[in-house]
Amino acid sequence: MRKPIIAGNWKMNKTAKQAEELINQLKPLVSKSKPEVVICVPYTDLWVAKQAIAGSKIKLGAENVAWADSGAFTGEISAEMLKEIGVEYVIIGHSERRQYFGETDKTVNMRLLQALKNDLKPIVCVGETLEEREKNRTKKVLKKQILEGLNGVTDFTNLVIAYEPVWAIGTGKTATAEDANKTIGYIRSLIRKTFGADVAKALRIQYGGSMKPSNAKELMAMRNIDGGLIGGAALKAEDFASIVNYK
Ligand code: PEP
């Protein structure tokens, strides 16, 4: 059985003070949650978030990680820096990084291998744009993102994939539960063919894209969907908690 994982992606929201307030509101609301609960927060919030989640079930994540150990990489944050704070998860290859900051499948792969080498648990984001979807290129795009992005990975124990159709992120448009389930089923079959049946069976694959309290239950009921990566709705304690407690 794959344990569901609900992760919040705060993006570039919340100052350190606001982060502390949000976590303090969230803690009692998710204290009995069944899924694993993660919050991925801006770098400047990590330290205060680590203190604020103490004694709760909430786990800490960052929104990216550098591919190098250290050195002349202005603006980047290393795995060692994240580990020292107590970060457990890290988002890699979010569509906003791909769209605005030149992230490619190659750099996703470099960051991923670095995260795994340092025992950080990566949440690797994949997904097609609206144009790609309309041109029936979804499978082709996902195949490239997965084969190139996951190239060289040998241990999948700590890896999570987030299928996030780009057209559904922050738009209010959600893939139907059946559609998301089908596409995630395709990703799982690709993983099976490439990395073997045991990896495919155990690998957790989240859905992301305008997941909210009103659609979480339906999405989470799907056979292939093992959790959610939540953007907008992760910024309000009640909404995020209601997704976490979707039953
Ligand atoms: C995301 O940023 O990963 C995301 C899914 O955002 P939203 O939930 O706002 O669509």
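Every number for a ligand or one of its atoms is a count from 1 in the order of the listing. Values reported hereafter were calculated over all heavy atoms of this structure, with side chains retained and with hydrogens, waters and symmetry mates removed.
- Lys57 contributes a side-chain N or O that, together with a main-chain N or O of Ser33, makes up a donor-acceptor pair within less than 3.5 Å.
- In the model, Gln145 has no side-chain atom that pairs as donor or acceptor with a side-chain atom of Tyr163 under 3.5 Å.
- Between His94 and ligand 1, at least one pair of N/O atoms sits closer than 3.5 Å.
- Ligand 1 places these atoms under 4.0 Å from at least one heavy atom of Ser210: 7 (P), 8 (O), 10 (O).
- Each of the atoms 5 (C), 10 (O) of ligand 1 lies under 4.0 Å from some heavy atom of Gly209.
- The number of heavy atoms from other shown groups lying within 6.0 Å of CD (Glu84) does not exceed 12.
- Considering only non-hydrogen protein atoms, atom 5 (C) of ligand 1 sits nearest to Glu164 OE2, 3.0 Å.
- For Lys212, no heavy-atom contact with ligand 1 is shorter than 4.0 Å.
- Short contacts between ligand 1 and Leu229, defined as distances under 4.0 Å to a heavy atom of the residue, involve ligand atoms 3 (O), 5 (C).
- Close contacts between ligand 1 and Gly232 involve ligand atoms 7 (P), 8 (O), 9 (O) [criterion: under 4.0 Å to a heavy atom].
- Among all non-hydrogen protein atoms, the one lying nearest atom 8 (O) of ligand 1 is Gly231 N, 2.8 Å.
- Using a 4.0 Å cut-off between a side-chain N of Lys or Arg and a carboxylate O of Asp or Glu, Lys50 and Asp45 do not qualify as a salt bridge.
- Remark: side-chain polar atoms of Asn109 are paired, donor with acceptor, to backbone N or O of Gly149 under 3.5 angstrom.
- Listed by number with element, the atoms of ligand 1 under 4.0 Å from a non-hydrogen atom of Asn9 are 1 (C), 2 (O), 3 (O).
- Here the side chain of Glu132 pairs a donor or acceptor atom with the backbone of Thr129 at under 3.5 angstrom.
- In terms of modelled atom types and a separation under 3.5 Å, the side chain of Arg204 and the main chain of Lys3 share a donor-acceptor contact.
- The shortest N or O to N or O distance between Glu96 and ligand 1 is not under 3.5 Å.
- Just one residue in the list Ile23, Ile6, Ile230 forms a side-chain contact (heavy atoms from CB on, under 4.5 Å) with Ile39, and that residue is Ile23.
- Of all atoms in ligand 1, listed by their number and element, those nearer than 4.0 Å to a heavy atom of Gly170 are 7 (P), 9 (O), 10 (O).
- Looking only at distances, no side-chain donor or acceptor of Gln114 sits under 3.5 Å from a matching main-chain atom of Ala79.
- A heavy-atom separation below 4.0 Å is found between Ala168 and ligand 1.
- Both the backbone and the side chain of Ile169 come within 4.0 Å of ligand 1, counting heavy atoms alone.
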